[in-house]
Amino acid sequence: MKIYGIDFTSAPSKNKVIACAEAWLESDILHIQKFHRFIDFPSFMEFLMRSPVWIAGVDFPLGQPRKLIQNLQWGKTWAEYVDRIGQMSKQEFVETLNQYRQDRPAGDREHLRQTDRDAGAISPMKVYGVPVGKMFFEGAPRMLAAGFSVLPCHPTNDPRIVIEIYPALMSRSIIGKQSYKSDDKRKQTTEMQFLRQEIINQVRSPIYNTKYGFVVEIDKQVTCECVSDASGDTLDAVLSTIQAALAFRLPNYGIPKNCDHLEGWICS
């Protein structure tokens with residue numbers, strides 16, 4: 001099975017790319033062989049459309065909280081509200097969320113999905129700081145329009161399967177909450193580089209191979225880029241690939257049968 005791990009951004013450019021690791025899961029070996037970088041959405045989507053069969057673990061929210069969707073009367077299905085949002089401009093989407101938050105009491109301005117609570121993730125409504133709301137805006141409507149099978153929100157017969165993952169879960173299991181990356185060059189340190197190397201060492205170790213149920217083999221050049229890329233994008237894409245492979249081997253991709261299909265689920 002071909003597997004992609006995708007570290008996403010809401011504004012791809014030469015300075016901040018969409019990072020994609022490409023791997024093959026064969027028997028009990030995950031071969032992480034190639035790396036792709038995209039500076040715009042058309043080239044990224046064209047790449048995804050090339051191969052007829054794959055599973056992609058994407059590091060951005062595929063859904064919004066049920067409470068938000070119901071309060072704004074955006075629709076009763078994931079496809080309905082995502083299609084509606086896809087017809088907005090990014091500014092319209094941001095302003096809609098800003099207005100929604102305005103008169104709400106503190107603590108009830110940015111809702112969490114159940115899966116965000118379980119994973120310790122931030123609200124997919126957040127459009128400042130780490131703007132995962134903008135990532136949702138740019139990512140989810142494109143996945144819907146492409147016809148991919150988006151699990152569990154919008155399963156289709158397409159053999160190209162998209163699941164939401166969260167690489168921070170894997171990095172935390174290895175180095176705790178220590179920071180291993182930064183987009184700000186002034187904050188990038190040698191210690192972070194050591195931590196990136198430690199993460200790579202651990203995911204390839206016999207202990208983690210036993211835990212995963214497969215061996216992780218990473219191309220030498222990809223390994224070097226994981227360690228040297230201080231933004232962490234390369235490493236996050238590799239971790240996303242491993243998480244997608246883990247989900248692929250689980251019944252129903254590890255998604256609970258009673259999860260909220262309107263909100264989506266982080267496969268961990």
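Predicted, not measured: the structure shown is a model, and the values here were computed from it.
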> Between P167 and Q243, is any pair of side-chain heavy atoms under 4.5 Å apart?
Replying inline: yes
>> Is the shortest side-chain heavy-atom distance between I174 and Y208 below 4.5 Å?
In response: yes
> Is there a chain of hydrophobic side chains (I, L, V, M, F, W, Y, each step under 4.5 Å between heavy atoms) that links M49 to F8?
Replying inline: yes
>> I'd like to know if K34 and D219 make a salt bridge, using a cut-off of under 4.0 Å between side-chain N and carboxylate O.
In response: no
> Going by atom types only, do Y166 and R172 share a side-chain donor-acceptor pair under 3.5 Å?
Replying inline: yes
>> Can you classify the ring geometry of Y81 versus W78 as parallel (below 30°), tilted (30 to 60°) or perpendicular (above 60°)?
In response: perpendicular
>> Regarding R84 and E80, does a basic nitrogen lie under 4.0 Å from an acidic carboxylate oxygen?
In response: no
> Between P12 and S10, which heavy-atom pair has the shortest distance, and what is it?
Replying inline: CD-C, 3.7 Å
>> Less than 4.5 Å apart, side chain to side chain, heavy atoms only: is that true for F93 and I85?
In response: yes
>> For a quick test of reading the model, state the closest non-hydrogen atom pair linking A247 to C267 and the distance between them.
In response: CB-CB, 4.0 Å
> Sequence neighbours excluded, which residues qualify as ring pair (Phe, Tyr, Trp, His ring centres under 6.0 Å) partners of W74?
Replying inline: none
> With sequence neighbours left out, which residue pairs that include part of residues 188-197 fulfil the side-chain hydrogen bond (donor to acceptor under 3.5 Å, both in side chains) condition?
Replying inline: Q197-N201
> In the single-linkage hydrophobic clustering (I, L, V, M, F, W, Y; side-chain heavy atoms under 4.5 Å), do I122 and L112 co-cluster?
Replying inline: no
>> Quick check on the hydrophobic clustering: are L169 and L246 connected, directly or via other members, by side-chain heavy-atom contacts under 4.5 Å?
In response: no
> Shared ILVMFWY cluster between L151 and L250, side chains joined below 4.5 angstrom?
Replying inline: no
>> Using a strict threshold of under 4.0 Å (side-chain N to carboxylate O), is an ion pair present between D28 and R249?
In response: yes
>> Please give me the minimum heavy-atom distance between A237 and A19, naming the atom from each residue.
In response: CB-O, 3.8 Å
> Looking at A23 and L30, what are the two nearest heavy atoms and their distance?
Replying inline: CB-CD1, 3.8 Å
>> Per the side-chain hydrogen bond (donor to acceptor under 3.5 Å, both in side chains) rule, what does the pair list look like for residues 251-264, sequence neighbours excluded?
In response: R66-D260
> If you count the non-hydrogen atoms of other residues, nucleotides and ligands that lie under 6.0 Å from CD in Q73, is the total more than 12?
Replying inline: no
> D158 and T156: side-chain donor and acceptor closer than 3.5 Å?
Replying inline: no
> Does the side chain of I242 come within less than 4.5 Å of I32's, by heavy atoms?
Replying inline: yes
> Can you tell me if NZ on K16 sees more than 12 non-hydrogen neighbours from other groups inside 6.0 Å?
Replying inline: yes
> For the residue pair F47 and F38, is the inter-centroid distance of their aromatic rings smaller than 6.0 Å?
Replying inline: yes
>> Check this for me, if you would: do R113 and D118 make a salt bridge, where the nitrogen-to-carboxylate-oxygen distance has to be below 4.0 angstrom?
In response: no
>> Is it the case that the side chains of D229 and S231 hold a donor-acceptor pair, with the cut-off being a distance below 3.5 Å and no angle test?
In response: yes
> Any side-chain heavy atom of F137 within less than 4.5 Å of one from M88?
Replying inline: yes
> Partners of E46 by side-chain hydrogen bond (donor to acceptor under 3.5 Å, both in side chains), sequence neighbours excluded?
Replying inline: R50
>> Applying the side-chain contact (heavy atoms from CB on, under 4.5 Å) criterion to I200, which one of V222, L239, I218 satisfies it?
In response: I218
> So, do W54 and F148 have ring centers that fall under 6.0 Å from each other?
Replying inline: yes
> Pairs in or reaching into residues 213-232: which pass ring-ring contact (aromatic ring centres under 6.0 Å, His included), with residues at least two apart or in two chains?
Replying inline: Y212-F214
> Counting only heavy atoms not in K90, do more than 12 fall under 6.0 Å of its NZ?
Replying inline: yes
> Same cluster for M192 and V130 if Ile/Leu/Val/Met/Phe/Trp/Tyr side chains link at under 4.5 Å?
Replying inline: no
> Cut-off 3.5 Å, side chains only: do D236 and Y180 have a donor facing an acceptor?
Replying inline: yes
> Which residues pass the side-chain hydrogen bond (donor to acceptor under 3.5 Å, both in side chains) test with R37, sequence neighbours left out?
Replying inline: E225, T234
>> Please find the pair of heavy atoms, one from I163 and one from A244, that lie closest to each other, and give the distance.
In response: CD1-CA, 4.1 Å
> With a 4.5 Å limit on heavy-atom distance, are the side chains of K67 and D108 in contact?
Replying inline: yes
> Which pair of non-hydrogen atoms, one from E164 and one from L62, has the smallest distance, and what is that distance?
Replying inline: OE1-N, 3.0 Å
>> Between E95 and Q99, does the side chain to side chain donor-acceptor pair (under 3.5 Å) criterion hold? Intermediate values first, please.
In response: CA-CA 6 Å; E95 287 177 359; Q99 291 172 7; 5.0 Å; no
